[in-house]
Amino acid sequence: MSFLSSFLKKRSTAPVARDRLQILLAHERMGGEGQDDLLAKLHREIMEVIKRHVSVDQDKVQIKMDRGAQCSVLEIDVEVPGLTDRKPAPGNNG
Amino acid sequence: MAKVLVVTSGKGGVGKTTTTAALGAALAKAGQNVVLVDFDVGLRNLDLIMGAERRVVFDLINVIQGDANLAQALIKDKRIETLSLLPASQTRDKDALTAEGVAKVIAELSTKFDWVICDSPAGIERGAQMAMHHADMAVIVTNPEVSSVRDSDRIIGMLDSTTDKAKKGEKMEKFLLLTRYDPQRAARGDMLATDDVLEILSIPLLGIVPESQDVLKASNLGAPVTIAEPESSAARAYAEAARRLMGEDVKVTVPVERKGLLDWLFRRRVA
């Protein structure tokens with residue numbers, strides 16, 4: 001039985017390869033380097049805005065990118081120190 | 001006027017030099033006047049695959065720099081009269097390939113031959129760009145494997161943007177040659193199938209060369225597989241591809257090794 005189920009579960013790998021390539025190439029064809037520039041720019045400007053308000057340790061910033069078929073997600077994870085020590089903003093304590 | 005064809009891929013090790021030698025020899029066997037030009041300056045190997053490594057005196061760079069003329073540098077194949085080779089330099093680097101120099105050599109070769117086949121180095125740097133720059137048509141050699149397909153896509157983009165033809169606003173003819181194909185693994189779903197690769201790259205198919213032990217045997221001997229093992233599956237695939245290049249309408253098949261009558265009867269037909 002376990003042999004049978006493992007046999008049935010065994011998926012072919014070629015469709016995975018095809019799907020990965022289609023997504024990857026759709027992005028690369030969009031203009032390769034230009035897109036990389038855009039991400040770098042977004043990252044830089046978002047960080048500038050954050051730094052205007054809090055001091056940020058560069059090592060505590062994580063950037064993740066997930067390129068999908070329909071949409072992509074740019075995730076910037078900033079660890080902001082000392083926020084817990086501050087008083088809650090007015091009007092936000094109810 | 002000759003047709004200038006570049007054999008390119010982006011990725012290394014997919015079979016550009018094997019293809020250049022095999023297609024060139026197949027075209028020459030069909031009576032065409034063919035010259036093979038090695039653009040892999042510093043890492044030449046076409047001479048070795050053609051079995052001409054001991055006959056190299058002058059090379060492409062010598063001709064570009066005026067140290068030798070074309071007649072002195074061209075090596076005539078001893079097996080097929082209409083096949084010649086212009087080797088690359090082994091000692092120089094690719095910066096020695098000047099755009100004007102390459103243009104002059106290709107123009108001169110074009111007056112003497114029916115086909116000028118440029119064997120591109122791997123990568124997308126100067127050598128690869130020079131090899132494709134003057135081409136009228138391109139054969140993109142691709143293995144059914146993700147990294148090779150990705151690199152082929154990049155090369156197709158370059159063929160459509162950086163070449164002389166692209167800059168003139170003309171259309172570069174591009175063909176896919178799928179090499180090291182294993183029909184059984186593709187049927188099991190463990191290898192990208194021909195249709196997958198065609199759908200992703202969307203260029204016409206020139207041929208499917210099955211993985212064959214005869215390719216290594218031929219390179220051991222220093223002969224194109226279409227000369228050394230003409231009855232092998234790979235050689236027949238290359239011979240079919242060559243006929244397609246000459247404009248014949250030949251159905252694309254994946255030739256199988258001929259071990260007997262049964263194998264012959266079961267020749268797979270695809271596309």
Side-chain angles (χ1 to χ4, degrees), chain A residues 1-48 58-79, chain B residues 9-11 14 123-125 128-129 140-162 166 172 174 176 178-203 205 208 210-211 254 268 270-271:
Chain A
M1 189 62 197
S2 69
F3 166 75
L4 192 67
S5 64
S6 74
F7 180 77
L8 285 173
K9 255 187 223 162
K10 205 168 165 188
R11 289 250 191 85
S12 52
T13 52
V16 182
R18 188 192 55 221
D19 294 347
R20 287 175 59 217
L21 272 169
Q22 273 168 342
I23 292 170
L24 173 73
L25 294 179
H27 285 277
E28 287 189 346
R29 284 168 189 164
M30 250 192 286
E33 286 149 38
Q35 206 197 12
D36 287 348
D37 287 352
L38 173 68
L39 289 179
K41 206 169 169 184
L42 277 175
H43 171 221
R44 197 172 55 240
E45 291 183 9
I46 289 170
M47 289 311 295
E48 275 168 17
Q58 271 301 332
D59 298 338
K60 301 276 170 66
V61 181
Q62 286 181 22
I63 299 143
K64 283 185 205 160
M65 183 70 198
D66 188 7
R67 292 180 173 87
Q70 306 304 324
C71 72
S72 303
V73 178
L74 171 68
E75 196 180 314
I76 302 183
D77 194 341
V78 185
E79 196 174 304
Chain B
S9 71
K11 191 176 184 300
V14 296
I124 53 170
E125 313 298 326
Q129 286 180 14
I140 294 114
V141 183
T142 307
N143 291 167
E145 179 270 326
V146 287
S147 54
S148 175
V149 176
R150 179 195 209 175
D151 292 0
S152 294
D153 191 73
R154 183 85 199 271
I155 282 291
I156 290 169
M158 288 180 64
L159 286 164
D160 286 335
S161 61
T162 66
M172 164 90 65
K174 301 176 293 289
L176 175 74
L178 201 57
T179 57
R180 310 198 73 163
Y181 190 73
D182 185 334
Q184 273 105 38
R185 295 181 75 185
R188 281 203 304 269
D190 292 335
M191 179 181 269
L192 284 168
T194 309
D195 288 343
D196 293 336
V197 183
L198 283 175
E199 190 192 331
I200 292 165
L201 296 178
S202 50
I203 55 171
L205 181 65
I208 305 167
E211 175 83 64
V254 186
R268 286 174 56 92
V270 293

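Lettering of chains follows the sequences in order, A, B, ..., and the numbering in each one begins at 1.
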**Request:** Please report the closest heavy-atom contact between A:Ala17 and B:Val146, naming both atoms and the distance.
**Result:** CB-CG1, 3.6 Å
**Message:** Go through it in stages, so that I can follow the logic: the residues are A:Leu24 and B:Asp153, the test is side chain to side chain contact (heavy atoms under 4.5 Å, CB included), and I'd like the CA-CA distance, side-chain angles, deciding distance and then a yes or no.
**Reply:** CA-CA 11 Å; A:Leu24 173 73; B:Asp153 191 73; over 6 Å; no
**Prompt:** Say you draw a straight line from CZ of A:Arg18 to CG of B:Asp195; how long is it, rounded to the nearest 0.5 Å?
**Reply:** 10.0 Å
**Item:** Which atom of B:Gly189 lies closest to which atom of A:Pro15, heavy atoms considered
**Value:** O-CD, 4.1 Å
**Prompt:** Does A:Arg20 have any salt bridge (charged side-chain N to carboxylate O under 4.0 Å, His left out) partners at least two apart in sequence or in another chain, and if so, which?
**Reply:** none
**Message:** Quick check on B:Asp190 against chain A: is it the side chain, the backbone, both or neither that has a heavy atom closer than 4.5 Å?
**Reply:** both
**Message:** Using heavy-atom distances under 4.5 Å, tell me whether B:Arg188 contacts chain A through its side chain, its backbone, both, or neither.
**Reply:** backbone
**Item:** B:Arg150 with A:Glu28: basic N within carboxylate O range, under 4.0 Å
**Value:** yes
